[in-house]
Asks: 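My questions all concern the structure below.
Predicted model, so just to flag it, every value in this text is computed and none were measured.
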Amino acid sequence: MKTQTKLFLFLSILLLTSLACATVTRVLDGNSPLDIETFTNDEPIQVEENQPQENAPGPGITVGEEQPVEEEPMEHQGSTTEMVGDVSVTTAGMADALEVSKLNWDQDDYGYIYVVGMLKNTGSEDLEFVEVQVNLRDANNNMVATASGYTSMDILRAGEDSPFIVSFYEPPYDDWQGMEIFIQADQNEYFESYSDLEVINLETAVDDIYYVINGEVQNTGSQATSSVSISVAVYNAAGDLIGVDFTFADAEVLEPGETAPFELYVWATFDGEAVDHFDVYLEGYPVVD
């Protein structure tokens, strides 16, 4: 009797094991699809209480509180820092050849902040894609906000200058007390800009919001050019830089001698100050056959 019972148990276990193996094999061999639950941003993952979360905040940080902005500072090995007015300006590497000749900022009624300036390449090498990062800090030196932009001129040749603008579009920024600027630049090795350009037939107008500049850009050289940009730096009567903006000529390619119209709306003038004069900066790229 015991032998029959053991035999029955053995056969039962063997049968169950075979069924289990068959089930696992059926799932893994791809003959039947796996039922995988997916989550989207609209369906947050539910985490059981007292279970550790992979992205849980660190000690001293409360979920739901607005945390200070973590900046990603540029790498500035062997950098130098100088004060331009009340602003700390740090440059390094090829950017050490850059001189900040103008710097100004404004915060408008909507809380937006605009930082404008002029950079001059005082070195002997052409620079490309000069980046300007602006950090805002509170009275305790905590980061409030950070933003970055580039000079209007993609290629900043030796001895030339270019305006820049960095804008903060996510107010409020009520707590900021200090500003610091980091500038980064690389030597231009691969790009060739085209500067045989001239602005003609300039006209200006003023309305309640914009300072409008209309005109034409002419290719005065012997080579076709493309992607012609027109940048302006506008000044008040005291010579303060109060706005920077740019646009492109209304033509994809300008052949030698050809002209193309443009219309530029400068809308970030500080406190609505009247524009007394402005400088124009032109840049294109040669068309390679």
Asks: Please name the pair of heavy atoms, one in Ala233 and one in Tyr281, separated by the smallest distance, quoted to 0.1 Å.
Replies: CB-CE1, 4.2 Å
Asks: Show your working on side-chain contact (heavy atoms from CB on, under 4.5 Å) between Thr247 and Asp245 and close with a plain yes or no.
Replies: CA-CA 7 Å; Thr247 190; Asp245 222 318; over 6 Å; no
Asks: Kindly indicate whether the side chain of Ile213, heavy atoms from C-beta on, has any atom under 4.5 Å from the side chain of Val232.
Replies: yes
Asks: For the CG atom of Leu103 and the CG atom of Asp240, what is their distance to the nearest 0.5 Å?
Replies: 11.0 Å
Asks: Do Ile200 and Phe278 belong to the same hydrophobic cluster, where Ile, Leu, Val, Met, Phe, Trp and Tyr are linked whenever their side-chain heavy atoms lie under 4.5 Å apart, directly or via other members?
Replies: no
Asks: Are a donor atom and an acceptor atom from the side chains of Asn104 and Tyr114 found within less than 3.5 Å of each other?
Replies: no
Asks: Can you list the steps and then say if Leu202 with Asn214 is a side-chain contact (heavy atoms from CB on, under 4.5 Å)?
Replies: CA-CA 6 Å; Leu202 271 178; Asn214 291 286; over 6 Å; no
Asks: Do Tyr169 and Tyr150 sit in one hydrophobic cluster, given that two such residues count as connected whenever their side-chain heavy atoms are within less than 4.5 Å of each other, even indirectly?
Replies: no
Asks: Say you draw a straight line from OG of Ser101 to CG of Leu241; how long is it, rounded to the nearest 0.5 Å?
Replies: 8.5 Å
Asks: Kindly give the heavy-atom pair with the smallest separation between Asn219 and Ala224, and that separation in Å.
Replies: ND2-CA, 4.0 Å
Asks: Over all heavy atoms of both residues, which pair between Ile230 and Ala249 is shortest? Give the atoms and the distance, please.
Replies: CD1-N, 3.5 Å
Asks: Hey, does Val199 have a side-chain heavy atom less than 4.5 Å from the side chain of Phe262?
Replies: yes
Asks: Output side-chain donor-acceptor pairs under 3.5 Å for residues 152-162, partner residues at least two apart or in another chain, one line each.
Replies:
unit_1	atom_1	unit_2	atom_2	d
Ser152	OG	Pro163	O	3.3
Asp154	OD2	Tyr285	OH	2.7
Arg157	NE	Ser193	OG	3.4
Arg157	NH1	Ser195	OG	3.1
Arg157	NH2	Ser193	O	3.0
Arg157	NH2	Ser193	OG	3.0
Ser162	OG	Ser152	N	3.3
Ser162	OG	Met153	N	3.0

Asks: Supply the atom-to-atom distance Leu98 CG to Thr151 OG1, rounded to the nearest 0.5 angstrom.
Replies: 8.5 Å
Asks: Which pair of heavy atoms, one from Val228 and one from Thr225, lies closest together, and at what distance?
Replies: CG2-CG2, 3.8 Å
Asks: In a check of side chain to side chain donor-acceptor pair (under 3.5 Å) between Glu180 and each of Thr146, Thr90, Asn135, Thr81, which one passes?
Replies: Asn135
Asks: Would you compute the distance between atom CD1 of Ile113 and atom CH2 of Trp105 and round it to the nearest 0.5 angstrom?
Replies: 7.0 Å
Asks: Under the 3.5 angstrom rule, does the side chain of Thr220 hit a backbone N or O of Asp196 as a donor-acceptor pair?
Replies: yes
Asks: Any side-chain heavy atom of Phe168 within less than 4.5 Å of one from Trp176?
Replies: no
Asks: What is the distance from atom CD of Glu216 to atom CD of Glu198, rounded to the nearest 0.5 Å?
Replies: 11.5 Å
Asks: At what distance, to the nearest 0.5 angstrom, does CG of Leu197 lie from CD of Glu283?
Replies: 9.5 Å
Asks: Verify the distance criterion only: is there a donor paired with an acceptor across the side chains of Glu273 and Asn236 at less than 3.5 Å?
Replies: yes
Asks: For Gln184 and Gln133, run side-chain contact (heavy atoms from CB on, under 4.5 Å): C-alpha distance rounded to whole Å, both residues' side-chain angles, the deciding distance at 0.1 Å, then the answer.
Replies: CA-CA 8 Å; Gln184 179 172 282; Gln133 176 180 301; over 6 Å; no
Asks: Does any part of the side chain of Val275, heavy atoms only, come nearer than 4.5 Å to the side chain of Val266, both counted from C-beta?
Replies: no
Asks: In this structure, would Leu264 and Phe270 fall into the same cluster of hydrophobic residues linked by side-chain contacts under 4.5 Å?
Replies: yes
Asks: Kindly give the heavy-atom pair with the smallest separation between Val166 and Ser148, and that separation in Å.
Replies: CG1-N, 3.8 Å
Asks: When you group the ILVMFWY residues by side-chain heavy-atom contacts below 4.5 Å and let the links chain together, are Phe246 and Val212 in the same group?
Replies: no
Asks: Near Glu252 CD, under 6.0 Å, is it more than 12 heavy atoms from other residues, nucleotides or ligands?
Replies: no
Asks: Taking the side chain as C-beta and beyond, is there a heavy-atom pair between Val89 and Phe182 under 4.5 Å?
Replies: no
Asks: Is the number of heavy atoms from other residues, nucleotides or ligands under 6.0 Å of Glu189 CD greater than 12?
Replies: yes
Asks: Where is the tightest heavy-atom contact between Ala274 and Ile242, given as atom of each residue plus distance?
Replies: O-CD1, 3.9 Å
Asks: In the structure I gave you, are the side-chain heavy atoms of Tyr173 and Asp175 within less than 4.5 Å of one another anywhere?
Replies: no
Asks: So do Asp186 and Leu127 actually touch side chain to side chain, heavy atoms under 4.5 Å?
Replies: no
Asks: Hey, does Gln107 have a side-chain heavy atom less than 4.5 Å from the side chain of Tyr112?
Replies: no
Asks: Find out if a path of hydrophobic residues (ILVMFWY) with successive side-chain heavy-atom gaps under 4.5 Å connects Tyr210 to Val116.
Replies: yes
Asks: Is Asn188 reaching over with its side chain to a backbone N or O of Glu192, donor-acceptor style, under 3.5 angstrom?
Replies: no
Asks: Could you label the plane-to-plane angle of the Tyr235 and His277 rings as parallel, tilted or perpendicular, counting under 30° as parallel and over 60° as perpendicular?
Replies: parallel
Asks: Using a 3.5 Å distance criterion without hydrogens, assess whether the side chain of Thr122 forms a donor-acceptor pair with backbone atoms of Ala97.
Replies: yes
